[in-house]
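Order of appearance sets the numbers: ligands from 1, and atoms from 1 within every ligand.
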Amino acid sequence: MYKWLDERLDLTGLYQKVLRKAFPVHHSFFLGEITLFAFIVLVLTGIFLTLNYEPSIREVKLPDGRAVPAAYGSVLYIDSLPFGAVIRSLHHWSAHVMIAAAFLHMLRILLSGAYKKPRELNYLVGLGLLGLAVVTAFTGYALPYDNYAVTATRIGYGIANSIPWIGGALAQVMFGGEFPGSEKSIPRLFSLHVLWLPLLLMGLIGLHLVIMIKQKHTQPRYAERIAPGKILGVPMYPQQMVMMLILFALYVGIMAMIAGAFLAHPIEAFGPPTPNTPAVKPDWYFLWIYGILQLIPSSWEFRLFGATIGPEFIGGAVVPGILAVVGLLLPFVDTRKDKMRYMELPSEHPVRTSAVLALLVFFLMASLAGYKIDFQQQGYLLGNTAVLWTLVLGAPLLTFFLTYVLMRIFYGEKEKKALE
Ligand code: HEM
């Protein structure tokens, strides 16, 4: 069988050319793989969910006589199937892991300078992947169509709609009409969530991996000591594949235990949508945007060339947009040549390391601002908008300067050596 296929497809050539590629071993390189595993699990569990979910808000009667939207009823049906609730939870928690792992993977790329020439293109593909993963998660938010999902999705609809000039059209494309209300919204979000965005993700992940194989991985620093100037690593097949299979099995096992122990998003706790908006917060990866929206006063509104620039647009689109532009430009601004075949060490790059830490503190402080109303209800000082603004802007600046000064004191010599 192998011989037959080899004669036609040159499997031996493929093995020599691709599968013998040296894959460097370093713990931080598993972050990209965990992102990939989470995506695979999302696709597999998503197929099961899609087969049982009804993308419609038509009214249906539950066995207990209650009239609920069909989407809501079908999620209750999924939960009632054998292992249905576990598979739905596995899907939900894997979405969290995929975004968290992709974010940590990006931090690794930033801290080790792997975005520099010749990897700019793959870095940009990676940024696109992170953005796409977040948008895909967002389109999944509304699908259970419970009171929580509808309220959280409405925030996103408001942000999309607030974008000057193109917001109306964008909201129309994404939500199929006004959300909530339009009957087309759930079918539209459903097709984006289960078809178009996953297809795009698959295509981009494929491109990301092909570029990575073609360009070769950056080498861990120990490779410089052991075999200077050479590519060091284990062959992709069989060694690396076996490691990946073990890690994948571990991932599925651990996540299945978590999904069995913690049921994700129990929709009956929120109930079907009602005119009353429950006090909900978005998931952690949107919390920082929600926090900024809490801080921007409603008076920040003006007209520009016939469009309204309002607080929702400033907090929900301009601030994330500025961060995205800085991220996109980074490899073209930081063009200092270092030992780019090898991973750079965070300790040798105080400005970059301090900036990454400051960014993390910014996300944390902006997420803290998401609890503004809760703090106010408890009478805490943190409920004060001015205090929260000071933290969101001041804490990252302080982090940057403190980290920079401490790194110059402790690692100054190391940095000089690296740049020599
Ligand atoms: C769905 C999201 C993603 C998946 C599935 C993914 C997957 C991977 C995998 C498996 C690797 C090889 C192992 C490793 O270095 O960790 C890799 C490498 C790489 N990734 Fe990603 N990645 C994703 C997102 C990102 C993001 C957000 C960035 C940066 C903004 C990025 C930039 C890179 C770069 C530059 C490399 C080459 C690293 C090197 O040569 O050292 N990726 N990715």
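In this structure, a donor-acceptor pair under 3.5 Å is absent between the side chains of Y157 and S185. Side chains of Y404 and R408: a donor-acceptor N/O pair is present below 3.5 angstrom, by distance only. A donor atom on one side chain and an acceptor atom on the other are not found under 3.5 Å apart for Y145 and E54.
A salt bridge does not link R58 with E183: every distance from a Lys NZ or Arg NE/NH1/NH2 to an Asp or Glu carboxylate oxygen is 4.0 Å or more. A salt bridge links D334 to R336: one of the charged nitrogens lies within less than 4.0 Å of a carboxylate oxygen. The pair R154-E178 does not meet the salt-bridge criterion, since no charged nitrogen lies less than 4.0 angstrom from a carboxylate oxygen.
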Q | side chain to side chain donor-acceptor pair (under 3.5 Å) between D283 and Y141, intermediate numbers included | A | CA-CA 10 Å; D283 280 337; Y141 253 53; 3.2 Å; yes
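Not a single heavy atom of L201 sits closer than 4.0 Å to an atom of ligand 1. A heavy-atom separation below 4.0 Å is not found between Q215 and ligand 1. Taking 4.0 Å as the cut-off, Y123 counts as a neighbour of ligand 1 on heavy-atom distance. Taking a 4.0 Å cut-off on heavy atoms, Y115 fails to register as neighbouring ligand 1.
If you check which protein heavy atom lies closest to atom 14 (C) of ligand 1, you get F29 O, 3.3 Å.
Looking at R119 next to ligand 1, an N or O pair under 3.5 Å apart turns up. Considering backbone and side-chain atoms alike, R108 places an N or O below 3.5 Å from some N or O of ligand 1.
Close contacts of ligand 1 with T218, meaning ligand atoms under 4.0 Å from a residue heavy atom, involve 39 (C), 40 (O), 41 (O). Under a 4.0 Å criterion applied to the non-hydrogen atoms of L130, ligand 1 contributes the atoms 27 (C). Proximity to M98 (heavy-atom distance under 4.0 Å) selects the following atoms of ligand 1: 1 (C). Each of the following atoms of ligand 1 lies closer than 4.0 Å to a heavy atom of A114: 35 (C), 41 (O). The atoms of ligand 1 that sit less than 4.0 Å from any heavy atom of L209 are 9 (C), 10 (C).
Protein N/O/S atoms found under 2.8 Å from atom 21 (Fe) of ligand 1: H105 NE2, H208 NE2.
Test Y371, F103, F363 against W288 for ring pair (Phe, Tyr, Trp, His ring centres under 6.0 Å) and you get one pass: F363. For the ring pair (Phe, Tyr, Trp, His ring centres under 6.0 Å) with H26, the lone residue among F30, F23, F29 that qualifies is F29.
Remark: I213 CD1 to L19 CG distance equals 8.5 Å, nearest 0.5 Å.
Using bins of under 30°, 30° to 60° and over 60° for the plane-to-plane angle, the ring pair F138/F175 lands in the perpendicular bin. Aromatic ring pairs are classed by plane angle as parallel below 30°, tilted from 30° to 60° and perpendicular above 60°; the pair H193 and H91 is perpendicular.
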